[in-house]
Amino acid sequence: MPSGLSLADFDAVLFDVDGTLVDSLGMLIPGLSDSIEKYAGQRPTDEEIQSLIGMPLREQAKRYISNPTEDEIDRFSNYTISRYEAYKDRERIFGPAVEMLRLCKRSGLRTALVTSKNAKELALFINRFPAADAVDETVCASEVHHPKPAPDSAILALKKLGATPDRAVFIGDSVYDLRCAKAAGVATVAVGYGAATPNALLAESPDLFLDRPEDLLAWAEGSFQEDNAPQESTIRQLIDDTDRTAGAA
């Protein structure tokens, strides 16, 4: 298990969604590309689209529509969501990451999804997410004045969970996740299997970097085993002491 950070030290875990719990690039890239092509008359490269993952739809609209009105932003957002739904069969869960979420819940940690999706996107996602029952709270971009990378989303998640920043950790695959968490005073775990490159994530100096979903699960399993170890050791010592006392008698 990677050293230096243990889930046993926390009460709450905040999870990003896209690129952390689910592999959604197959849905997001063509869906957003369709929308930008429709409203801006250009179709960005897949690499350009991938660099936007983790940014709210409102902000993505502003990147490609000059001085958009609220109505234009709404039309762009709604059309993009409709295109995501057209490609939703391409979305895949990261199995070990989802099992890690379930493990956190079973181990007594409070859990929250903290996402740049808006309320409509999040509702559609939750309806098809197989581990929704392991999620205590959610925070989406529609609920805060300043979404990621501002700290507002993480702060609201902590409030909903009744947790303090020093007893929480944020797991995400984008620089927006890490900046949000750090600004809120929350520990950070960067996962390198999502949209951002490992170099971009490491430049943000996360508290822990994990390459694969399997590494995330292994870290969690190791954390909880480590948490149980002192108690087991103490019990063993009490048994040994009792045996010695009995023998002396």
Side-chain angles (χ1 to χ4, degrees), residues 14-91 112-129 137-157 160 170 172-184 194-197 200-201 203-204:
L14 314 183
F15 291 85
D16 172 56
V17 175
D18 295 307
T20 301
L21 294 174
V22 296
D23 180 359
S24 49
L25 289 179
M27 176 185 81
L28 298 179
I29 289 177
L32 186 54
S33 295
D34 289 352
S35 191
I36 292 172
E37 185 173 34
K38 176 179 175 66
Y39 286 95
Q42 58 173 300
R43 192 173 186 89
T45 64
D46 288 356
E47 291 74 18
E48 183 176 340
I49 292 293
Q50 187 165 331
S51 71
L52 302 176
I53 304 302
M55 183 184 296
L57 274 174
R58 291 182 58 85
E59 298 305 314
Q60 292 169 343
K62 292 175 183 178
R63 288 286 185 99
Y64 292 95
I65 303 173
S66 179
N67 299 316
T69 64
E70 284 299 314
D71 185 57
E72 288 173 325
I73 290 175
D74 286 344
R75 288 202 303 270
F76 176 91
S77 298
N78 287 331
Y79 182 75
T80 304
I81 293 171
S82 74
R83 298 311 300 154
Y84 288 163
E85 287 299 291
Y87 296 111
K88 67 181 180 181
D89 61 317
R90 302 184 184 183
E91 183 180 75
L113 303 185
V114 181
T115 177
S116 293
K117 294 179 183 292
N118 64 27
K120 183 176 180 180
E121 289 178 278
L122 180 58
L124 291 167
F125 170 75
I126 287 293
N127 283 339
R128 63 177 180 263
F129 184 48
E137 298 288 347
T138 63
V139 174
C140 67
S142 307
E143 294 180 73
V144 294
H145 290 297
H146 305 290
K148 304 175 193 175
D152 303 36
S153 297
I155 291 171
L156 179 56
K160 287 186 174 187
F170 195 131
D173 75 306
S174 78
V175 298
Y176 307 111
D177 299 322
L178 303 182
R179 291 171 186 174
C180 169
K182 286 195 171 188
T197 65
L201 295 171
E204 299 294 322

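Along the sequence shown, residues are numbered consecutively beginning with 1.
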What's the separation between atom OG in Ser33 and atom CD in Gln42, rounded to the nearest 0.5 Å?
10.5 Å
So do Glu143 and Cys140 actually touch side chain to side chain, heavy atoms under 4.5 Å?
yes
Considering non-hydrogen atoms only, spot the tightest contact between Ala154 and Val114 and give its length.
N-CG1, 4.3 Å
For Asn118, all residues meeting side-chain hydrogen bond (donor to acceptor under 3.5 Å, both in side chains), sequence neighbours excluded
none
What's the verdict on side chain to side chain contact (heavy atoms under 4.5 Å, CB included) for Asp18 and Val22, showing C-alpha distance, side-chain angles and the deciding distance?
CA-CA 5 Å; Asp18 295 307; Val22 296; 3.8 Å; yes
Side-chain touch Lys120/Asn78, heavy atoms, less than 4.5 angstrom:
yes
Answer whether the closest heavy-atom distance between the side chains of Arg179 and Glu204 falls below 4.5 Å.
yes
Determine, for Arg83 against Glu37, whether the closest basic-nitrogen to carboxylate-oxygen distance falls under 4.0 angstrom.
no
Taking side-chain hydrogen bond (donor to acceptor under 3.5 Å, both in side chains) as the test, write out the residues that go with Glu91, two or more places apart.
Arg128
Could I get the full list of ring-ring contact (aromatic ring centres under 6.0 Å, His included) partners for Phe129, not counting sequence neighbours?
Phe125
Of all residues at least two apart in sequence or in a different chain, which pass the ring-ring contact (aromatic ring centres under 6.0 Å, His included) check with Phe15?
none
Can you tell me how far apart CD1 (Ile53) and CG (Asp173) are? Round to the nearest 0.5 Å.
9.0 Å
CA sep, side-chain torsions, deciding dist, call: Ile81, Leu57, side chain to side chain contact (heavy atoms under 4.5 Å, CB included):
CA-CA 9 Å; Ile81 293 171; Leu57 274 174; 3.9 Å; yes
What's the spacing between Leu14 CG and Thr138 OG1 if we round to 0.5 Å?
12.0 Å
Just wondering, do Arg43 and Ile36 contact through their side chains at under 4.5 Å, heavy atoms?
no
Which atom pair, heavy atoms only, marks the closest approach of Arg90 to Met27?
CB-N, 4.2 Å
Heavy-atom distance under 4.5 Å between the side chains of Cys180 and Phe170, does that happen here?
yes
Contact between Tyr87 and Leu28 at the side-chain level, heavy atoms closer than 4.5 Å - yes or no?
no
Would you name the heavy atoms of Val144 and Val139 that are closest together and state the gap between them?
CG1-CG1, 4.4 Å
No-hydrogen, no-angle side-chain donor-acceptor test under 3.5 Å, Ser174 and Asp177
yes
Between the CD1 atom in Ile49 and the OG atom in Ser35, the distance rounded to the nearest 0.5 Å is 9.0 Å
Which residues pass the side-chain hydrogen bond (donor to acceptor under 3.5 Å, both in side chains) test with Thr115, not counting sequence neighbours?
none
Is a donor on one side and an acceptor on the other found under 3.5 Å between the side chain of Ser116 and the backbone of Gly54?
yes
With distance as the sole test, does Lys117 use its side chain to make a donor-acceptor pair with the main-chain N or O of Leu124 at under 3.5 Å?
no
Sequence neighbours left out, what pairs pass side chain to side chain donor-acceptor pair (under 3.5 Å) with at least one residue falling in residues 55-67?
Glu48-Tyr64, Arg58-Glu70
So, does Ser82 use its side chain to make a donor-acceptor pair with the main chain of Tyr79 at under 3.5 Å?
yes
Between Tyr39 and Glu72, is the side chain to side chain contact (heavy atoms under 4.5 Å, CB included) condition met? List the steps.
CA-CA 9 Å; Tyr39 286 95; Glu72 288 173 325; over 6 Å; no
